Amino acid sequence: MDVRLSINIAEGEAQSHTLSDGNRTLPIILVRWRGVIGAFLNNCPHAGVRLDWQASSFFDRDHENLQCALHGALFEPGSGRCVAGPCRGSRLVRLVCQVEADGQLLFVDVEKIPNRAFQTRF
Ligand code: FES
């Protein structure tokens, strides 16, 4: 199942969105970093929770990395690699997507995105 999202994201911005494949609704992070739009599951590899403590609040104080609000792990916004914190060396799950001619973001085969043990702390 292919899913298209209408997006409006500025350079250096990260946003929370959801993707649905009809059976699951997955929280995701969209980020535009150094001109490239990336998408990751909003799921910290340390304890399986969302990174944001409030919607679309992802960047650390220096605006250099995405930060998990629970224990402070830092992730490179371009690669999703954890560079500090309790899950250093692990990665956010990157989602394959592409920007279409009409500006929408296309996700292909959303049903193949792996299930992770999503937890909710809210
Ligand atoms: S749950 Fe994200 S750093 Fe612990």
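Count residues from 1 along the sequence. Indexing begins at 1, ligand by ligand and atom by atom, following the structure's order. These numbers come from a predicted model, not from an experiment.
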#### Entry: Nearest-0.5 Å distance that lies between atom SG in Cys97 and atom CZ in Phe40
9.0 Å

### Query
If you leave out waters, which protein N, O or S atoms are less than 2.8 Å from atom 4 (Fe) of ligand 1?
His46 ND1, His71 ND1

### Query
Atom CG of Asn42 and atom CG of Leu95: how far apart are they, to the nearest 0.5 Å?
10.5 Å

### Message
Closer than 4.0 angstrom, basic N to acidic O: yes or no for Arg81 and Glu76?
### Response
yes

### Task
Give the ring-plane orientation class for Trp33 versus His63, where under 30° counts as parallel, over 60° as perpendicular and anything between as tilted.
tilted

### Query
Knowing that exactly one of Val31, Asp60, Ile29, Leu51 qualifies, which makes a side-chain contact (heavy atoms from CB on, under 4.5 Å) with Phe75?
Leu51

### Among Val99, Val3, Ile9, side-chain contact (heavy atoms from CB on, under 4.5 Å) partner for Leu105
Val99

